[in-house]
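Inspection log for the structure reproduced underneath, given as structure tokens.
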Amino acid sequence: MLNDRIFVPPIKIQGIKTKIVPIIKANVKLAAAEMWVEPFMGSGVVGFNIARKKAIFADTNPHIIEFYNQIKYRKITSYLVKAFLEKEGDELEKKDEKHYYYIRDRFNEFHDPLDFLFLNRSCFNGMVRFNKNNDFNVPYGHKPLRFAKAYVTKIVNQVRHIEILLQNNDWQFYCQPFEKTIAMAPAFSFIYCDPPYIGRHVDYYDSWSLDNELSLRDTLICSKAKFMLSTWDHNEYRSNVYIDEIWGFCNKITKEHYYHVGAKERNRNSIVEALLTNYEIDKIRDKETASGQLSICFA
Ligand SMILES: C[S@@+](CC[C@H](N)C(=O)[O-])C[C@H]1O[C@@H](n2cnc3c(N)ncnc32)[C@H](O)[C@@H]1O
């Protein structure tokens, strides 16, 4: 569950920021009373590790929000997760992909968050992707003993950790667009934004356009809060021109980062990530990631 003391949440998503949590954590500016506001929570890995007493987490993906609200209101518990994954894992073992597609159809009809967890932890590459009818459409990620005992225990512990965080903190989860979330942020809050990357192929619940990026900039400027925005800076082939065009007023930290999609060396893509802030960063604090290279594996 803990990777270099970073808590990895139960729901995974493409673009998960697990490996850059240390550099984000070291460079956010939070005074004691401040509230954490995360309008694009995705897996929630950033805010869950910053773990402020008060926080707002939001996303337009209703299934992520429903999952966390059901844990918060104790409709889902770690005990239920264990029983559910053991039962459905056994069925998967017997019926293989037939059972995966049975759960996928069931999820697309009834939207049960436990089915969402099952799919997220057994689909191809831990992707979260929906078609135009908002149906989950990621294929099965074939693997023998998909829900082996150790894997179920790992997921149950991740849910247990969330239960503890929710008992000890005042956290709200909303399914809504970022404009609404940023409008809810008090001036004393810290807003961390990780929108889909502009100018790159994105595949979440919603698409992301130049208008969205401009609206995000304008909404952040209107808010009185401090903010940090994650985006991409450049790769081997091109640069993110919007950093100068849209975010030229921000300060910037960059960090090289390797994405692996699958196990093959040729699928190892390097990208330089950027963190943009509306406050001065005197000195880049990056003790935990001293090598300057980060690695993420979706396989
Ligand atoms: C890059 S992912 C966030 C990843 C997250 N930081 C993590 O580490 O797991 C972007 C998220 O933004 C959400 N999203 C897309 N458009 C949105 C919008 N207009 N308002 C709010 N959330 C949106 C997507 O559903 C997705 O979960």
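Just so you know, ligand 1 is whichever comes first in the structure, and atom 1 is the first atom listed for that ligand. Throughout, numbering of the chain's residues begins at 1 and tracks the sequence.
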Is the contact between [X] and ligand 1 made by the side chain, the backbone, both, or neither, using heavy atoms and a 4.0 Å cut-off?
X: Ala58; value: neither
X: Val45; value: side chain
X: Ile13; value: side chain

### Task
Using a strict cut-off of less than 4.0 Å between a Lys/Arg side-chain nitrogen and an Asp/Glu carboxylate oxygen, indicate whether Lys226 and Glu34 qualify as a salt bridge.
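Between Glu34 and Lys226 there is a salt bridge, with a charged N closer than 4.0 Å to a carboxylate O.
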Polar atom proximity, [X] to ligand 1 (N or O, under 3.5 Å):
X: Thr18; answer: no
X: Asp194; answer: yes
X: Ile64; answer: no

Does [X] come within less than 4.0 Å of ligand 1, judged by its heavy atoms?
X: Gln176; value: yes
X: Asn212; value: no
X: Glu179; value: no

For [X], counting its heavy atoms only, list the atoms of ligand 1 lying under 4.0 Å from any of them.
X: Ser43; result: 7 (C), 8 (O), 9 (O)
X: Pro177; result: 20 (N)
X: Pro39; result: 21 (C), 22 (N)

### Query
Under the ring pair (Phe, Tyr, Trp, His ring centres under 6.0 Å) criterion, do Phe124 and His142 qualify, and how do the steps go?
CA-CA 7 Å; Phe124 179 72; His142 285 272; 9.8 Å; no
### Listed partners of Trp247 passing ring pair (Phe, Tyr, Trp, His ring centres under 6.0 Å), at least two apart
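By the ring pair (Phe, Tyr, Trp, His ring centres under 6.0 Å) rule, Trp247 matches no residue at all.
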### Task
Provide the full list of side chain to side chain donor-acceptor pair (under 3.5 Å) pairs with a residue in residues 36-47, sequence neighbours left out, each pair given once.
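Those involving residues 36-47 are Trp36-Glu38.
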### Task
Using the side chain to side chain donor-acceptor pair (under 3.5 Å) rule, take Arg52 and Asn169 through it: C-alpha gap first, then chi angles, then the decisive distance, then the call.
CA-CA 7 Å; Arg52 300 302 294 179; Asn169 297 298; over 6 Å; no
### Query
Counting heavy atoms only, which of Thr60, Asn49, Ile65, Asn61 is nearest atom 23 (C) of ligand 1?
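Among Thr60, Asn49, Ile65, Asn61, the closest heavy atom to atom 23 (C) of ligand 1 comes from Thr60.
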### Message
Please state which option from Ile182, Asp59, Thr231 has its nearest heavy atom closest to atom 26 (C) of ligand 1.
### Response
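Nearest heavy atom to atom 26 (C) of ligand 1 lies in Asp59.
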### Query
Which residue, Phe136, Tyr68, Phe130, forms the ring-ring contact (aromatic ring centres under 6.0 Å, His included) with His63?
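So the option named by the test is Phe130.
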### Query
Hey, is the main chain of Asn251 close enough, under 3.5 Å, to the side chain of Tyr279 for a donor-acceptor pair?
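Side chain of Tyr279 to backbone of Asn251: no pair is present.
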### Task
Look at the side-chain heavy atoms of Ile, Leu, Val, Met, Phe, Trp and Tyr, link any pair under 4.5 Å apart, and say whether Phe188 and Leu220 land in one connected group.
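Looking at the clustering, Leu220 is in the same group as Phe188.
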### Query
Only one of Asn120, Val45, Val159, Ile16 clears side chain to side chain contact (heavy atoms under 4.5 Å, CB included) with Ile11; which?
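The passing option is Asn120.
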